[in-house]
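What follows is a single structure, written as C-alpha cells, with notes after it.
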Amino acid sequence: MRFILLFLSLLSINTYAVSQELAIVPKPKSIIPGKGSYTITSHTPIVIGSEEDRNTADFFNQYLRDYYGFELAVTKGGANGIFISTGSFKTDIQGYQLISDANSVRIIGNTRAGTFYGMQTLIQLLPIAKSATLVIPAVQINDEPAMSYRGLHLDVCRHFMPLEFIKKYIDYIALHKLNFFHWHLTDDQGWRIEIKKYPKLTDVGAWRNGTIIGPYPGTGNDGLHYGGYYTQEQVKEIVAYAAKRHIEVIPEIEMPGHASAAIAAYPYLSCFPDQSTFVDAKTPWNGSREGKQVQQTWGVFDDVFCAGKESTFGFLEDVVSEVMPLFPSKYFHVGGDESPKKHWEKCPNCQRRIKDLKIKGDKKHPAEHYLQSYFIQRMEKFLNKNGKSLIGWDEILEGGLAPNAIVMSWRGEEGGIAAAKENHFVIMTPGSYAYFDHQQEKHDDSVTFSNNRWYLPIEKVYSWKVVPQVLSASQKHFIMGPQANLWTEQMKSPAKVEYMLFPRIAALSEVGWTQQANRDFSEFNNRLQKQIKRYDLWGVNHFYKNK
Ligand code: TNX
C-alpha cells in the first residue's frame, strides 16, 4: 500500500513537473512526454521539406539570433536536425505534430500555417536562459486550434504607433498562434493611411493640434501638434510581414461615424460643411476652433458622413478602391459603430434620401436608424462586387443587416447571438472579456493606465466562453472566434500598449486555440509563470514587470 502511495505521489509530482517544464501557451491538444532530450547547437541544421517552409525556418532563426545569439543553417536534406515539413492532409485545419527525441525534432504541419504553429511550439520548448546549447525535452505533441479566427486589434488613430512597433505587434500575434490583425486605421482623432486621390486625408486628417490629458474631459490639453500615417508602401510592407507569419491583416475604414478626421480634410463629407466642429464647454481645446477640426478629445461625435449626398459614396468608394488592393484578406471592416443620427435628422439631403427610398420610421426606431442600414448595405454591395466580405461592429444590425455581413460583437454577446441566429458569421469581442484598454488592477485609479475604471483581470479573460450556449449547434457554427481590442486613448507609446496587452494576450490565445474542456485557470496560471519569464526574455513591458 505504502509503495503504491509513494508511486502515485511520484507520478503526480512527475506530471506536475512535466506541465511546469512544458509551459506551452496556448495549451496544445495533446502532450505525451517522452524520455530524454534533444540538444540544439549552432551546428544543428534545419531541414525543410520544401521551399515554402523556409519562412518558418527563417522565423525560428530570427528568434535564435535575437535571444540566443546564433542561428542555424537551413538545408533540404540530412539525417539529423530539426525537420520541418508540411503534409498533404487535405484539410484546412491548421494543426501540426511535433516529435522530439534524442536524435531529432520533427514538425509536420497539416498546412503551411500548421507547420508555422509547430515552430511556435518548438520556440516554447527552448530554455529561457541564454545558452549556446539548447536542450529540448523529448515529447510528442498533437495540436490544432479550436477556432478558426483568433484576432487582435490595434487602434493607431488615438495614438499613432511606429511601423517598427507594428511589426513587433505582429510578431507577438504570431508567437501566440493568433492569425488575424485588425488594423483600426481611421477615426475622429486621426486618419492614418495614405490615399493618393485624397492627399488631404493625411496632410490635414492625420494631425491634431493637441490632445486632452487623461480620460474625457481631461485635466488640460497638452497643446502638442500630433499625428502620423502609413504610406501605401509601408502598408504593403506590413501586410507582407504578416503574411510570412500566417497572419491576415484586416483594414478598418470607419463609416458613417468616427469620421471627424476625414471631415476636417474634406468638409463636404459632412451634412453641414460650413458648421465649425462642435467643442463642448468642458473640453480643453488647443488652437483654432474655426472650421472642421481633427478631434482633440475622446468619445462619440455628431458630425458624421452625410448619407444623403452622392459625393459621400463617391469618396468612400474611391477610398475603399485604393485600400482593397493593399490587403489580400477577403475581409474589409467598415466600422459602423457609434454613429449619432442627430445631423441626419436635420440634414435636407438625408431627409430627401429617406423620402426617395420610402424609408419609414416605426414605433421602435426613427427613419434615420434605417438610413444607417442603407449606408452599410450600399457599401457592402460595392465590397462584394470587388470580392470582399464586409465586417462591421454590431451596430450594423440596426435597421437590418446587410445580406452577407460579418458582425463583430462588442457591446456584449447579444449582437453576435442575434447575427448568428440570422445565419451571419460573427467575431466575438465583447467588452467584458476582450477590451484590453480596461485596467488589469482593481485599485489602479491612475488614469494614465487605462481608458476607464472597468476591471478586466487575466482570470476574467481566461474564463471567456466564446461560443454562446444559447445558440443551437448549427448556429454555433457561425461563431468564427474571439478577438481582443486595444483602443489607445490612454496608450501613448508602444510600451504602454505592451503593458495593457501582456500577459492578457496569453489568456486570449488559449481562449481561441485550446478546446474549452482542456482549459483550467489554475493550471494555466502555472504555465503563465514561465511564459512571463519568456516575456522578460523578449524585453516586453508587461503588467507584472514592475510589481
Ligand atoms: C468604444 S468598441 C469604441 C471605441 C472606443 C472604445 C473605448 C467600438 C466599436 N467603439 O471607439 O475607443 O469604446 O473602450
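Counting convention: from 1, in listed order, for ligands and their atoms alike. All residue numbers in this chain count up from 1 along the given sequence.
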Phe181 meets the ring pair (Phe, Tyr, Trp, His ring centres under 6.0 Å) criterion, sequence neighbours left out, with Tyr169, Trp183

Less than 3.5 Å between some nitrogen or oxygen of Asp187 and one of ligand 1, yes or no? no

Under the side-chain hydrogen bond (donor to acceptor under 3.5 Å, both in side chains) rule, collect the residues that match up with Glu345, sequence neighbours excluded. none

At under 4.0 Å between heavy atoms, is it the side chain or the backbone of Tyr435 that contacts ligand 1, or both, or neither? side chain

Is there a heavy atom in Met408 that sits closer than 4.0 Å to ligand 1? no

For the residue pair Trp285 / Gln295, report whether a side-chain donor-acceptor contact shorter than 3.5 Å exists. no

Counting neighbours of NZ on Lys330 that are heavy atoms of other residues, nucleotides or ligands and sit closer than 6.0 Å, is the number greater than 12? no

Could you tell me whether some N/O pair between Trp393 and ligand 1 is separated by less than 3.5 angstrom? no

For the residue pair Tyr370 and Asp362, confirm or rule out a side-chain donor-acceptor distance under 3.5 Å. yes

State the atoms of ligand 1, each with its element, that fall below the 4.0 Å cut-off from a heavy-atom position in His258. 11 (O)

Numbered atoms and elements of ligand 1 in range of Asp437, under 4.0 angstrom, heavy atoms: 7 (C), 14 (O)

Between the main-chain N or O of Met428 and the side-chain N or O of Ser409, is there a donor-acceptor pair closer than 3.5 Å? no

Atoms of ligand 1 close to Glu489 [distance to a heavy atom under 4.0 angstrom, numbered from 1]: 5 (C), 7 (C), 12 (O)

